[in-house]
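Index from 1, following the sequence.
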Amino acid sequence: MNAIFKFQLKHGSNRWVLGLTGVILLLIGWFSGYKFNLTAGEGIYLNSPYTIGFMVALLSLSVIFLATLFALEILYKEWDAKFDIILFSYPISLKTYLIGKFSFFATKTLLCFFLLMLGFVIGQNLRTGSEIQSGFNLWSYMYPFLIFGVLNCFFVCSFLFMIAYTTRKKLLVVVGGLLLYVLYMVLLVFSNSPFMAGSMPQSIEVQQLSSIIDPFGVSAYFFESRHFSVSNKNQFVTPLLGFLALNRAVYVLLSLVFLWIAYRYYAFTKTVSKKELKRKKIKTPDKTNILQNTKTPTFNFNKASEVKAILSFAKVDLIYLFKSVTIVAVSILLVFFVGMEMYAEIDKGIRLPEYYASSGRLATSISQSFHFLGALILVYFVNDLYWRSSATNFYLIEQSTFFSKVKLKGHLVSVSTLIVFFTVLLVILALVFQVSYGYFHIDWLAYLGVFVFNTLPLMLLAAFIIIINSLLKHKYAALGISILVVIVLTTPLIKMVLPYPLLHVFSGFKGVYSDLNGYGVYLLAFTYRLCFGIGLLGLFWILRSYFKTRAWTTLKSGLVVVFIGLGIFSGSKFMKGYIPNDDETIVIEVASYEKNYRHYQNIAQPIITDVDTKIDLYPSENAYQIEGTYILENLADEPIEKILFNFHSDLKIDEAILSVHDEKISMDEFVSEIELNKPLMPGEIATLEFNLSYKWFAVNGHQSFNAIVDNGSFMRISNYYPTLGYQSDKEL
């Protein structure tokens, strides 16, 4: 066995971290197999050999990210430890060294993908239902693992291996891995690969070209199985013949070429830039100066010094962040992911016409795709920044300084700056889209919403995650809890955990931007909720500080009063007009209506023969009022003793009076059953006079068919007028 591989196998990784990684990969694979419903066509089972094949091909894209992470850990270990200076003074050849390093690198990557694949197999075989066929065929999983998992792992690892050992630059390895994924997805889009949703039919020549240039073999897999029947896809694997075999052979040979380049052009020494080669001339004094007067430094621990300390901590964080390869990698991923969402939002495909690249459309695209991804990015960076001192054992010196207590504030400033950087980056990307599509009208109010709906909630989330890290004693425990907080508090799951909307301070805005009305009242309402979040997080921050130091000052008392006042004021503004949306209560009411009034289907009711209404609109208040009069006539052949009136529950009944036989009957319920003292005989007339009002609030949202807004209102008023008799549309 290769000595380098044997040594790496024994000492190459932290077993605890490797075990945790394995468990996470198993869980991800299990979730993919148990939940994913990527159907390959009608009548084809989810666990058919054909479906398993392209599912494994899809999962094999994860090798890019696994290999990129492991490359930074494994391939640069000697250089990071400065051991490369004496490495080849030992009796070891370059060929032996490279074989050992690549073998361990590829083996570790493949092992992690195998765990992901194992979880997928377990998850898929735990599923039941009509879309799952009975039985288990091991070859259906082993075959795609070999032709996709093993070969794609070999290709990606050799590509990154070549970059690492010919350039010795970590940044290029990260960028290379990300560009490999980005360029592959762009290749699939522009080659109209059948692997992409919504692709148009291709000619045979284009399909063949796509089959050859696809480095992961997916297009070739589809091409070779294009004539398979449903029965064949459910029973047999796609054979390694034709273009599929050609594709796999081409990229195996290309991988070998990458390895040869790594050996041939191995960089024994790190490339030094011209800037680094410039020597600074040290001027030596002609004669020694003797110090005659010395000054004793004075210490000034006032608020100005505290602010300088906060900015100093933030500066150190930002230097560390923006000199790391992680920022570059995250920026590339973020731009690519959000850029694809913008492109998809503009180009709706062959079914819908291309939309304008307007500021509102691109801004809402950012809001819908950036918030959750930004929250996950925050978890990593906050955890990394907070525990960096502990990892290097520098915290012992750091905590001995007077202003070490303001370090968390420095972290908050630096992370907030990072969030602003990512937001500005995405806004610039949106402007590039606008210019490239020839849409030069820029609506800055739309992009302001990106900062309000994404940047500010993420800043609040950053403050909360910093508090979590400061309260826990273990880095990975803090990381796990932070991820759990993000999943629960920034996704729709929060509605199940915290149904009260005022507490959704970390959530983004998924609404739309109208060229007529902008964000409407939602911008102001969202701002009120942000102010409530500032008050809430401010109280948490002060309480954390008190429990850490057990010191209470007048300033903290004043801040508590300010935060409580801000929370009460903004919270009451946001919750004004709130109506709880209880699904169980609605179901009970609907069931009760059907049970109590269904018999009115067989009871004659008056007919509305004339309507006179007056509608007053108040767009600036999101409200309108209806004054109306119904003329009701009994057109049946029998007298009517009971009348059932239905008023829409979204409207407020200011007044509703039924006039019949010189009698006035008032109603104030949404469903009113009126029993007449004297029956309404055939041909007789009654009058219903009603005053209804409607006003919607941002906390409840609005309905598209009842949108009374400041500009561009649309209301289907007839849907909200009173009705008579049993209404079948109110049934369950």
Requested in this report: Using modelled atom types only, decide if a donor and an acceptor are shared between the side chain of Ser570 and the backbone of Phe532 within a distance under 3.5 Å.
Outcome: yes

Polar side-chain atom of Asn517 near backbone of Asn711 as donor-acceptor pair, under 3.5 Å
yes

Between Asp650 and Gln703, does any side-chain donor sit less than 3.5 Å from a side-chain acceptor? yes

message: Quick one: does any side-chain atom of Ser365 pair with a main-chain N or O of Arg361 as donor and acceptor, under 3.5 Å?
response: no

Interatomic distance, CG@Leu426 vs OG@Ser369, rounded to 0.5 Å, equals 7.5 Å

Between Asn706 and Ile717, is there a donor-acceptor pair closer than 3.5 Å when you use the side chain of the first and the backbone of the second? no

Quick check against the 3.5 Å criterion: does Thr455 have a side-chain atom that pairs as donor or acceptor with the backbone of Val452?
no

Quiz item: Hey, mind stepping through Ser331 and Phe421 against side-chain contact (heavy atoms from CB on, under 4.5 Å) and telling me if it holds?
Solution: CA-CA 10 Å; Ser331 299; Phe421 168 76; 3.7 Å; yes

With Phe370 as partner, the option from Phe453, Phe422, Phe337 fulfilling side-chain contact (heavy atoms from CB on, under 4.5 Å) is Phe422

- Task: Give a yes or no on whether the backbone of Leu46 and the side-chain of Gln124 come within a donor-acceptor separation of less than 3.5 Å.
- Result: yes

Does OH in Tyr578 sit with more than 12 non-hydrogen atoms of other residues, nucleotides or ligands closer than 6.0 Å?
yes

Which label fits Tyr720 and His648: parallel for a plane angle under 30°, tilted from 30 to 60°, or perpendicular past 60°?
tilted

Indicate yes or no for a side-chain donor-acceptor contact from Asp710 to the backbone of Asn622 under 3.5 Å, with no hydrogens or angles considered.
-> no

Within a 6.0 Å radius of atom OH on Tyr439, are there more than 12 heavy atoms belonging to other residues, nucleotides or ligands?
yes

Here the gap from Ile366 atom CD1 to Glu341 atom CD, rounded to the nearest 0.5 Å, amounts to 11.5 Å

ask   = Take atom NZ in Lys695; do more than 12 heavy atoms of anything else shown fall under 6.0 Å from it?
value = yes

For the side chain of Asn152 and the backbone of Phe148, is there at least one donor-acceptor N/O pair under 3.5 Å apart? yes

Rounded to the nearest 0.5 Å, the CD atom of Gln434 sits from the CZ atom of Phe440 at a distance of 9.5 Å

Taken to the nearest 0.5 Å, the spacing of Asp384 CG from Asp317 CG works out to 9.5 Å

### Task
Check the pair Phe509, Tyr522 against ring pair (Phe, Tyr, Trp, His ring centres under 6.0 Å), reporting the backbone distance first and the verdict last.
CA-CA 9 Å; Phe509 176 68; Tyr522 289 106; 5.6 Å; yes

| query | Is the centre of the Phe647 ring less than 6.0 Å from the centre of the Tyr721 ring? | reply | no

Practice item. Answer yes or no on whether Arg388 is positioned over the face of Tyr320, meaning its NZ or CZ is under 6.0 Å from the six-membered ring centre and within 45° of the axis. Key: yes

- prompt: Taking His371 for the side chain and Phe506 for the main chain, is one N or O donor matched with an acceptor at less than 3.5 Å?
  reply: yes

Determine whether a donor-acceptor pair (N or O, by modelled atom type, separation under 3.5 Å) exists between the side chain of His504 and the backbone of Leu498.
yes

Q.
Angle between ring planes, His702 versus Trp696, binned at 30° and 60°: parallel, tilted or perpendicular?
A. tilted

In terms of side-chain heavy atoms, does Tyr221 have a donor or acceptor partner in Asp214 at a distance below 3.5 Å?
no

